[in-house]
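Only one structure is covered here, and it is reproduced in the block below.
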Amino acid sequence: MIALIWAMDENWLIGKDNLLPWHYPKDLAYFKSLTKDQAVLMGDLTYQSLKTYYKTKPLPFKKNYVANILDAEYEDAIHVKDLFQFLKETKEDIFVIGGKTIYQLCLPYADRLYISYVLDTHEGNVYFPKFDLSQFKLIEKRIEEHLIFAVYERVSP
Ligand SMILES: NC(=O)c1ccc[n+]([C@@H]2O[C@H](COP(=O)([O-])OP(=O)(O)OC[C@H]3O[C@@H](n4cnc5c(N)ncnc54)[C@H](OP(=O)(O)O)[C@@H]3O)[C@@H](O)[C@H]2O)c1
């Protein structure tokens, strides 16, 4: 199963200068609880971004897949050069954790979406790509303070 997980504000903003535009501890806790001991896939820029957040102790993923075209290799990550081949062939459950480019490329392969709606507007420069949410049905929704945690599953064609 391929699952995408992200947080976005009311304008679908997701990033600011390769960082998150906000700090919502409840969303970070939710993200950590879902991705702990899981295989995650991210783009090179999100990989660099996470390193700035977790300088000493990396997040406890089971496996890190990092997509880049320029063949950068990292000690703690498995390099994905051919993203489409990877998405078509993987038998693992994968959480796609960003960023914009990788979400956009992975969306057609997504079985499940975990969207944290930030009930506010923030400043930033990276937005989630527009897509057709009607291809997915809502299966879970939880409201907490400034956030809605929603889970969607792809509707079979
Ligand atoms: N709000 C959230 O939930 C959330 C989550 C994650 C990230 N973000 C934000 O998203 C932003 C980063 O997004 P981004 O779009 O700039 O970067 P990104 O998606 O993290 O990474 C982009 C990289 O992916 C690689 N790539 C592109 N196409 C590829 C392909 N076909 N096959 C393999 N690799 C490919 C490229 O590597 P090369 O360098 O080799 O060209 C490119 O630099 C940051 O602001 C971050 O904070 C937000």
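Counting convention: from 1, in listed order, for ligands and their atoms alike.
Residue pairs that meet the ring pair (Phe, Tyr, Trp, His ring centres under 6.0 Å) test with at least one member in residues 60-85, sequence neighbours left out, are Tyr47-Tyr74, Tyr65-Phe86.
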Write out each pair where an N or O from ligand 1 and one from the protein are under 3.5 Å apart, with the distance.
from: ligand 1; atom 1: 1 (N); to: Ala7; atom 2: O; distance (Å): 2.8
from: ligand 1; atom 1: 1 (N); to: Ile14; atom 2: O; distance (Å): 3.0
from: ligand 1; atom 1: 3 (O); to: Ala7; atom 2: N; distance (Å): 2.9
from: ligand 1; atom 1: 13 (O); to: Lys100; atom 2: N; distance (Å): 3.1
from: ligand 1; atom 1: 15 (O); to: Lys100; atom 2: N; distance (Å): 3.3
from: ligand 1; atom 1: 15 (O); to: Thr101; atom 2: N; distance (Å): 2.8
from: ligand 1; atom 1: 15 (O); to: Thr101; atom 2: OG1; distance (Å): 2.6
from: ligand 1; atom 1: 19 (O); to: Gly99; atom 2: N; distance (Å): 3.0
from: ligand 1; atom 1: 19 (O); to: Thr101; atom 2: N; distance (Å): 3.4
from: ligand 1; atom 1: 19 (O); to: Ile102; atom 2: N; distance (Å): 3.3
from: ligand 1; atom 1: 20 (O); to: Thr46; atom 2: N; distance (Å): 2.9
from: ligand 1; atom 1: 20 (O); to: Thr46; atom 2: OG1; distance (Å): 2.7
from: ligand 1; atom 1: 20 (O); to: Gly99; atom 2: N; distance (Å): 3.0
from: ligand 1; atom 1: 21 (O); to: Leu45; atom 2: N; distance (Å): 3.4
from: ligand 1; atom 1: 32 (N); to: Lys81; atom 2: O; distance (Å): 3.4
from: ligand 1; atom 1: 34 (N); to: Asn68; atom 2: N; distance (Å): 3.4
from: ligand 1; atom 1: 40 (O); to: Ile69; atom 2: N; distance (Å): 2.6
from: ligand 1; atom 1: 40 (O); to: Leu70; atom 2: N; distance (Å): 2.7
from: ligand 1; atom 1: 47 (O); to: Leu19; atom 2: N; distance (Å): 3.4
from: ligand 1; atom 1: 47 (O); to: Leu19; atom 2: O; distance (Å): 3.0

- Could you please spell out the steps behind the side-chain contact (heavy atoms from CB on, under 4.5 Å) verdict for Phe136 and Glu153? CA-CA 5 Å; Phe136 296 87; Glu153 241 171 34; 6.0 Å; no

- Assess whether ring pair (Phe, Tyr, Trp, His ring centres under 6.0 Å) is satisfied between Tyr114 and Phe95, documenting all intermediate values. CA-CA 10 Å; Tyr114 292 85; Phe95 272 95; 5.5 Å; yes

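The pair Arg142-Glu140 does not count as a salt bridge, with every side-chain nitrogen at least 4.0 angstrom from each carboxylate oxygen.
Classified by interplanar angle (parallel below 30°, tilted 30° to 60°, perpendicular above 60°), the ring pair Phe131/Trp12 is tilted.
Contact check for Leu41 versus Leu83: side-chain heavy atoms found under the 4.5 Å cut-off.
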